[in-house]
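Chain identifiers are assigned alphabetically (A, B, ...) following the order of the sequence lines, protein sequences preceding nucleic acid strands; residue numbering begins at 1 within each chain.
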Amino acid sequence: MPRKFFMRYLPLTPEDRADMLGVIGAESIDELFVDVPAVARRKDPVDLPFHAGELEVEREMLGLSRRNRSASEGPFFVGAGAYRHHVPASVDHIIQRSEFLTSYTPYQPEIAQGTLQVLFEFQTQVAALTGMEVANASLYDGSTATAEAVMMATRVTRRSKAVLSGGVHPHYVGTVETLAHAAGVATERLAPAIDAEDAVIAAIDADTACVVVQTPNVFGTATDVSKIAAAAQAAGALLVVVTTEAVSYGLLKSPGEMGADVVVAEGQSIGNGLSFGGPYVGLFACKEKYVRQAPGRLCGETVDAEGRRGFVLTLSTREQHIRRDKATSNICTNSGLCALAFSIHMSLLGEKGLRRLALVNHQKALKLRDALAAVPGVQVLTPRFFNEFAIKVPGVAAELVETLAANGVIAGVPFSRLDPAAGLDDVLLVAATETTPDSDIAFFAKALTKVLDQ
Amino acid sequence: MKFTKDHEWVEVAGDLATVGITAYAAEQLGDVVFVETPDVGKTVKQGEALAVVESVKAASDVYAPVSGEVVEANGELSDSPETVNALPETGGWFAKIKLSNPGELDALMDRDAYEAFLGTL
Amino acid sequence: MSMNTVGRPTRPEAPSQTGDVNDYVHPTLTGARGLLQDEALIFELNAWDKTGVDLPDAPPADDLGDLVRKDPIGLPGLSEPEAVRHYVRLSQKNHAIDLALYPLGSCTMKHNPRLNEKMARLPGFSDIHPLQPQSTVQGAIELMDRLAHWLKTLTGMPAVALSPKAGAHGELCGLLAIRAAHEANGQGHRKTVLAPTSAHGTNPATAAFCGYTVVEIAQTDDGRVDLADLEAKLGDHVAAIMVTNPNTCGLFERDVVEIARLTHAAGAYFYCDGANFNAIVGRVRPGDLGVDAMHINLHKTFSTPHGGGGPGAGPVVLSAALAPFAPTPWVVSHEHTFKLVEEAKGPAAQAFGRMSAFHGQMGMFVRAYAYMLSHGADGLRQVAEDAVLNANYIKARLGDLMSPAFPNGPCMHEALFDDAWLEGTGVTTLDFAKAMIDEGFHPMTMYFPLVVHGAMLIEPTETESKQELDRFVTALRALAGAAKGGDVDRFKGAPYHAPLKRLDETQAARKPRLRWKPVAAAPLAAE
């Protein structure tokens, strides 16, 4: 007999279960698990708590969440690849609509035009932002998108080495190294440097498939990469430009305008919360001539049997489910719902809003720079920046951050946390956005002065 | 014209072999949407991947039916991949190969043998 | 008596010409169909100089000189009412689990509890930064630790790498751990991965990405790994086998213990694709079967929403032999203090690297953990039982009309049919699927696995009631009857009632149009 079991997410009643077993012709549920080897059949539930009501679950989750200090609770200056921005309320409302939240990859285009049209609009927005001809329907995040860009460059150039600048986010470097080395691609990473993206030029040789530079880079430095593009292309290599703060596209020249062949970016800043590191959304854009070597999904325009405009996933023969061991990448999903959030937020901002948002961010960062530069012992290291910069502090930045946290300020990221071997223990990365009140900037400067004075 | 069991055809004039896929293969693939032809100057061995042909539902390697050096690729296919469906055994050719081992041709099927082979599939 | 003669008619009227409303079907003048709106692209709404976000003024960035962008970007901006309407209209063109059965085999489209969404939005989870001091995010790291504990307990495995962002990313993580272990043990010469013909496409794609040569293992007539063929292909050159269990035919690999034994005897590791773990969760621990590594799709078994194609999450459980090679970061705890190990040194000295920036899909961890707490050990076991029961019920109720690919014995969480039963009808698997759309159901997975001709893979999941299953069965039986009865037009032109008719994928692929482009003389952004 089936056990009497009721639980809010399971619609079958004990009577249903008995009826259904009868239709199937089985005596008990165990008969349906007959193919499981006897040694692995568990008679009893595993050693974990039993089911719980909404109220109990909520209580436990609240308890855990309260032991985290959220960005909204006080002065907060953390960036380094993820940024706190205000997301309009309508974005979260729309992404929770059943038809977006609980649908799958649009394999049946006739009943997935909602998702598909959003992807087409997203691709157009990303291409416009990055200044590139085409963009894909998103990848997992900025770091994995960077690794995919390197792999694509090796396919396009049939060469097997990537050169990474000293300004690329160390986590991105680690991700690229892991994937590239798995695939037999060599990497050369230049030493961390605040303002030396150009140094990759000297490292280009006949084996170089691509150079990877970042702007604004991990230290916040914004760079015109035109010269690097020319040098890479003259040597038959591609220029991959990385951006971890997508809002910067509203103020700074796009990578496409500066000659990039491939642009990859973290899109979290637009539409997506911090969420302790994920899920985020990787942006991937490139020149049209490379599109058949691009990773991930692509949405394209076509017509239906009656000639009406519609959208489908296309060029899917590049993908794993058809090409299998010859696929351009093993990627199966994109980051659909995060891409939707990005696209909605971008549609609300528009060009006008994005430019203004970017200017506000820059202005806040300038205020933060002025306030911190006035603190005795602090030196601002980054020459040109968008909304984030590096400072040199007396002593060890990691310890300073802990002390400031105890004083109510989440001060930024010690560079040593990203790259302990770099010997930059006195470097602190700080960011400001439109969410940073002027009073928090003043509070930070005051707290820093006090802590350094002790 | 000679044929392989992988549905490539080869037509020889002097020491130059024109290579493509058979009408049967084009029919089986469905609508061809993209062809990646080999670079001129590339040397291939019989049985090696020579080109890639993609339909909406599949991407397939096209194997070199003979060894030699690629001396010409059908550039028209990049703009009009549908030619492979329309004229598979004439205008839809993929590449011309300068034969390095004409003896290889002896082992390939003639049309009657290929038709008989198709009958067994 | 006073009579009101100007009221509206209270009964439907037939069109005067024909007398039958069904004869009067015509395209609408606007392209809309009742509630279903024809919606333009955001680029066609003439919204180049607007914004839906109110922001303060800011001075120009004179300090940045030539770095400043001057050309127009080309991005429309919508006010909130316009934006909400745009996306709500688009949403209504999507099928969704919340609307009706979504039986995509191997995708596990089960109900997504809304409590999980609410929990993920608590500021203590959604508004914390991955790089803020660890002392300020102890609750978040503890949640990762608890999730890891549940995953390890449910699988009977000693370690788990949480950071992979999806199933395929998890496969990559597992194979890289295997490669690192072989290299550390002087076995770096092993360059072959064995996988069954029925494997999901990501398996060979992942193995090839890691530089492995993929060799296929034959399948027996009853849909399982052919042990003799496996044994013949194992050897000193084999690094790993990749086997999905329950497999892609919806069957449990009966000989899985022997598969593991043979694999280990040959010095290779057993990578299990855990895409179908939902069929056995709480009843079978993969660790008891001899598995060395297995990814778990949190978006399948633990019901984080699919979101129209991601984001997912693919943690990988690892055996003791592979655990030292797990990628950073990972969580360690000591007397209620939790720490993320982010550097490849000390206990992580053998870590093979890093899968991505930061620590993984925290938003998915929160949802999956809430799902686990809600179900508990007993509820998760019931999940597996009901999923398997529902699939076998479908198989039993459709087995007489359609042809089960493996009629003998029970299936697990999904029922696989081939297209033998459609032979001679002129209707293909694709046609049948498109006709299901007209009946209000999402089609099943088609043409996968590749080993079954015209495959139809139906996975109902445990969150379907018997009533909904019966509604589905009734619809499919009626459709099957129509197909066998020669009503070919019903299928060839289907779907008739979807927002669009069948789309021309050939045109899309031959002349790719991957973005909107302004037509000549269309206005672009000012300035």
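- Residues that satisfy the salt bridge (Lys or Arg N to Asp or Glu O under 4.0 Å) test with A/Glu266, not counting sequence neighbours, are absent from this structure.
- Taking the side chain as every heavy atom from C-beta outward, C/Tyr369 and A/Met61 approach each other to under 4.5 Å.
- Only the side chain of A/Leu366 comes within contact range of chain C, with heavy atoms under 4.5 Å apart.
- In summary, A/Arg84 and C/Asp127 engage in a salt bridge, as defined by a charged side-chain N under 4.0 Å from a carboxylate O.
- Using a 4.5 Å cut-off between heavy atoms, A/Pro88 contacts chain C through its side chain alone, with no backbone atom that close.
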Exercise for the section: Assess whether side chain to side chain donor-acceptor pair (under 3.5 Å) is satisfied between A/Ser347 and C/Tyr87, documenting all intermediate values. Expected result: CA-CA 10 Å; A/Ser347 303; C/Tyr87 291 102; 2.7 Å; yes
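- To the nearest 0.5 Å, the span separating CG on C/Leu380 from NE2 on A/His51 amounts to 11.5 Å.
- For the pair A/Asn68 and C/Leu122, the minimum side-chain heavy-atom distance is 4.5 Å or more.
- Atom CG in C/Leu143 sits 5.5 Å away from atom CG in A/Leu64 (nearest 0.5 Å).
- In this structure, OG in C/Ser374 is found 5.0 Å from CE in A/Met7, a value given to the nearest 0.5 Å.
- In this structure the side chain of A/Arg97 never reaches within 4.5 angstrom of the side chain of C/Asn94, judged on heavy atoms.
- You'll find the side chain of A/Arg356 stays beyond 4.5 Å of the side chain of C/Thr51, heavy atoms only.
- Contact of A/Gln113 with chain C is made through backbone and side chain together, with heavy-atom distances under 4.5 Å.
- A/Lys253 and C/Asp66 are not joined by a salt bridge, as no carboxylate oxygen comes within less than 4.0 angstrom of a charged side-chain nitrogen.
- Most heavy-atom pairs under 4.5 Å with chain C, from the set A/Val413, A/Leu357, A/Val34, A/Val36: that is A/Val36.
- Here CD of A/Glu301 is found 12.5 Å from CZ of C/Arg515. Values are rounded to the nearest 0.5 Å.
- Residues satisfying the ring pair (Phe, Tyr, Trp, His ring centres under 6.0 Å) test with C/His129, not counting sequence neighbours, are none.
- Per-residue heavy-atom pair counts under 4.5 Å with chain C were compared for A/Val23, A/Leu354, A/Val401, and the maximum is reached by A/Val23.
- In C/Lys118, the NZ atom is not crowded: 12 or fewer heavy atoms of neighbouring residues, nucleotides or ligands sit closer than 6.0 Å.
- Cation-pi check for C/Arg283 over A/Phe33 is met; the charged atom lies under 6.0 angstrom from the ring centroid and within 45 degrees of its normal.
- Proximity to chain C involves both the backbone and the side chain of A/Phe276, based on heavy atoms less than 4.5 angstrom apart.
- A side-chain hydrogen bond (donor to acceptor under 3.5 Å, both in side chains) with A/Glu110 is found for one member of C/Lys501, C/Lys434, C/Arg502 and no other, namely C/Lys434.
- Once rounded to the nearest 0.5 Å, the distance linking OG of A/Ser98 with CD of C/Gln92 reads 11.5 Å.
- By the 4.5 Å heavy-atom criterion applied to side chains, A/Leu10 and C/Glu462 are counted as neighbours.
- Rounding to the nearest 0.5 angstrom, the gap separating the CZ atom in C/Arg69 from the CD atom in A/Glu257 is 6.5 Å.
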Handout entry: Pair C/Asn112-A/Thr102, side chain to side chain donor-acceptor pair (under 3.5 Å): steps then yes or no
Key = CA-CA 7 Å; C/Asn112 303 133; A/Thr102 78; 5.0 Å; no
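- Note: C/His111 and A/Tyr9 have tilted aromatic rings, judged against thresholds of 30 and 60 degrees for the angle between ring planes.
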